[in-house]
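Note sheet for the following structure.
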Amino acid sequence: MDGIGITMQKKAAELERLAEVLVTGEQLRLRLHEGKVIKDRRHHLRTYPNCFVAKELIDWLIEHKEASDRDMAIKIMQKLLDQSIIHHVCDEHREFKDLKLFYRFRKDDGTFPLDSEAKVFMRGQRIYEKLMNTENTLLLTREEEGGAFERTLVASEFIDWLLQEGEMATRDEAEQLGRRLLEHGIIQHVTNKHHFVDGPHLYQFRMNFRRRRRLIELLHERSRSIPESHDSPFCLRKQNSDGGNTSFLSVSPTKEIKVTVGVRRSSMSSSCGSSGYYSSSPTLSSSPPVLCNPKSVLKRQVSPEELQTPGGPFLKKTFTIVGDAVGWGFVVRGSKPCHIQAVDPGGPAAAAGMKVCQFVVSVNGLNVLSHDYRTVSNLILTGPRTIVMEVMEEP
């Protein structure tokens with residue numbers, strides 16, 4: 001059986017550290033959007049969209065206790081700059097400076113480098129959120145080699161699920177994806193004895209993508225130590241060699257970050273109210289979206305009955321929207337029925353013809369008139385990249 005060597009474990013730990021930086025940076029980006037620290041700014045008659053002022057951000061980090069002083073804040077942001085997560089808007093400064101300079105997250109201007117490592121990481125994150133988002137029997141407590149392990153995946157069942165969800169086309173391709181996820185530190189065999197292989201072995205997610213990261217973690221260079229034993233961090237109990245039981249506390253998730261559901265890259269026009277932002281990964285999180293744009297764009301709320309009244313004033317339209325690498329580019333808000341709160345002018349939804357104030361009737365054939373925006377958002381996030389939406393609008 002294909003085993004896991006110490007060298008591969010160390011490589012996975014290195015890639016896991018990179019993934020932690022990406023997650024931490026993305027969580028900060030979403031918080032700054034929510035707090036309106038990131039916004040369009042003007043300088044010398046030129047508008048720089050979706051940027052922040054370095055000096056103001058340092059103030060924010062200290063105010064929110066993410067840094068104890070300005071020097072620490074600079075070191076934190078320099079780490080993000082070194083990893084190509086942020087950059088100066090004109091790329092004139094390679095250092096993060098405590099000045100009134102404009103910087104921007106690369107995910108907000110489409111310049112984030114999608115190398116092979118980043119693509120595997122984003123793929124793993126999307127799969128993680130899909131699994132956490134849906135009710136299934138894949139993630140269960142199971143036993144292997146005399147120990148019980150929490151939230152495990154059976155490799156063969158995981159491959160079945162990947163094929164069913166359209167993530168991969170063949171079992172061989174799905175197995176290769178599982179191997180890449182393991183090599184990048186996203187999943188692990190429960191006792192670290194086996195590589196990913198299509199069969200009965202148990203695997204777990206090594207990373208908790210939803211854990212709220214503290215920015216100070218970026219300054220800790222030490223990697224997770226490779227354990228001398230094969231105990232999994234999710235082990236509930238493990239048999240001793242003498243047949244007795246040794247108890248282990250399972251690792252429970254810490255506070256999960258909530259994700260703002262909004263549009264993707266550019267700022268919104270004034271007709272959309274205050275700007276919201278969509279996660280640059282289609283499925284960054286399934287936590288309930290934070291309502292950061294509370295003022296509805298609707299002139300009046302309507303009922304499902306009014307929408308469906310024969311001969312009524314509402315027109316039905318159908319859109320097929322193919323999500324790109326950073327999402328679909330629209331915001332859903334409201335309840336029974338939901339409505340389109342904002343549309344990214346440069347996103348896939350706008351290209352398909354979606355507009356604000358339209359009411360959502362169905363998603364991929366499922367009637368959603370009686371659902372709230374959280375349910376509709378989760379339905380979209382956990383579905384295929386291509387979505388078919390029926391909406392109704394007043395002419």
Using a strict cut-off of less than 4.0 Å between a Lys/Arg side-chain nitrogen and an Asp/Glu carboxylate oxygen, indicate whether Asp108 and Arg29 qualify as a salt bridge. yes

Do Val53 and Ile86 belong to the same hydrophobic cluster, where Ile, Leu, Val, Met, Phe, Trp and Tyr are linked whenever their side-chain heavy atoms lie under 4.5 Å apart, directly or via other members? no

Looking only at non-hydrogen atoms, find the nearest pair between Glu144 and Pro200 and report the distance. OE1-O, 4.3 Å

With distance as the sole test, does His87 use its side chain to make a donor-acceptor pair with the main-chain N or O of Asp91 at under 3.5 Å? no

Given 3.5 Å as the limit, does a donor-acceptor pair link the side chain of Gln188 with the main chain of Phe205, or not? no

Counting only N and O atoms by type, is there a donor-acceptor contact under 3.5 Å from the side chain of His44 to the main-chain atoms of Arg46? no

Before accepting this row, confirm whether a basic side-chain N of the pair Arg142/Glu157 lies closer than 4.0 Å to the acidic partner's carboxylate O. yes

Output yes when a side-chain donor or acceptor of Gln341 lies under 3.5 Å from a complementary backbone atom of Val297, and no otherwise. yes

Is the ring pair Phe158/Trp161 parallel, tilted or perpendicular, if the boundaries are 30 and 60 degrees? parallel

Shared ILVMFWY cluster between Met77 and Leu81, side chains joined below 4.5 angstrom? yes

After noting the C-alpha distance and the side-chain angles of Asp172 and Thr170, does the key distance pass the side-chain hydrogen bond (donor to acceptor under 3.5 Å, both in side chains) rule? CA-CA 5 Å; Asp172 286 343; Thr170 67; 5.4 Å; no

Looking at His184 and Ile186, would you say the former's side chain and the latter's main chain have a donor-acceptor pair under 3.5 Å? no

Using a strict 4.0 Å threshold on nitrogen-to-oxygen distance, state whether Glu56 and Arg41 make a salt bridge. yes

Minimum heavy-atom separation for Ile58 and Ala73, please, with both atom names. CG2-CB, 3.9 Å

Indicate yes or no: does Lys317 engage Glu390 in a salt bridge with an N to O separation below 4.0 Å. no

I'd like to know if Val197 and Leu177 are part of one continuous hydrophobic network [Ile/Leu/Val/Met/Phe/Trp/Tyr, side-chain heavy atoms within less than 4.5 Å]. yes

Any sub-3.5 Å donor-acceptor pair from Arg123's side-chain atoms to Glu167's backbone N or O? yes

Are there more than 12 heavy atoms of other residues, nucleotides or ligands under 6.0 Å from atom NE2 of His43? no

Check the pair Asp372, Thr375 against side-chain hydrogen bond (donor to acceptor under 3.5 Å, both in side chains), reporting the backbone distance first and the verdict last. CA-CA 6 Å; Asp372 64 10; Thr375 303; 3.0 Å; yes

Hey, does the side chain of Tyr203 reach the backbone of His195 with a donor-acceptor pair shorter than 3.5 angstrom? yes

Which distance, rounded to the nearest 0.5 Å, do you find between the CG of Leu202 and the CD of Glu145? 9.0 Å

Heavy-atom closest pair, residues Glu173 and Ala169: OE1-N, 3.3 Å

Nearest non-hydrogen partners of Val360 and Leu369, listed with the distance: O-CD2, 3.6 Å

Quick check: closest heavy atoms across Gly124 and Leu181, and the distance to 0.1 Å? CA-CD2, 3.7 Å

Is Gln308 reaching over with its side chain to a backbone N or O of Pro304, donor-acceptor style, under 3.5 angstrom? yes

With the threshold set at 4.0 Å, does a side-chain nitrogen-carboxylate oxygen contact exist between Arg180 and Glu175? no

If you apply the rule side-chain contact (heavy atoms from CB on, under 4.5 Å), what do you find for Arg171 with Ser156, and how did you get there? CA-CA 9 Å; Arg171 296 194 74 84; Ser156 59; 4.2 Å; yes

Taking it one step at a time, do Phe314 and Glu394 satisfy side-chain contact (heavy atoms from CB on, under 4.5 Å)? CA-CA 5 Å; Phe314 294 95; Glu394 288 187 286; 3.1 Å; yes

Would you kindly confirm whether Ile127 and Met168 end up in one hydrophobic cluster when ILVMFWY residues are joined by side chain heavy atoms under 4.5 Å apart? yes

Using a strict cut-off of less than 4.0 Å between a Lys/Arg side-chain nitrogen and an Asp/Glu carboxylate oxygen, indicate whether Asp82 and Arg94 qualify as a salt bridge. no

Common cluster, Phe359/Ile321, ILVMFWY with side-chain heavy-atom separation under 4.5 Å: no

Give a yes/no verdict on a cation-pi contact between Arg179 and Phe196, requiring under 6.0 Å between NZ or CZ and the six-membered ring centre and an angle within 45° of the axis. no

Closest heavy-atom pair and its distance - Leu215, Leu28: CD1-CD1, 4.0 Å

Heavy-atom donor-acceptor pair, Arg104 side chain to Pro49 backbone, under 3.5 Å: yes

Counterpart residues, ring pair (Phe, Tyr, Trp, His ring centres under 6.0 Å), relative to Phe105 (two or more places apart): Phe52

His339 and Gln358: side-chain contact (heavy atoms from CB on, under 4.5 Å), yes or no, with the steps? CA-CA 5 Å; His339 64 273; Gln358 293 172 331; over 6 Å; no

Check this for me, if you would: do Glu66 and Arg214 make a salt bridge, where the nitrogen-to-carboxylate-oxygen distance has to be below 4.0 angstrom? yes

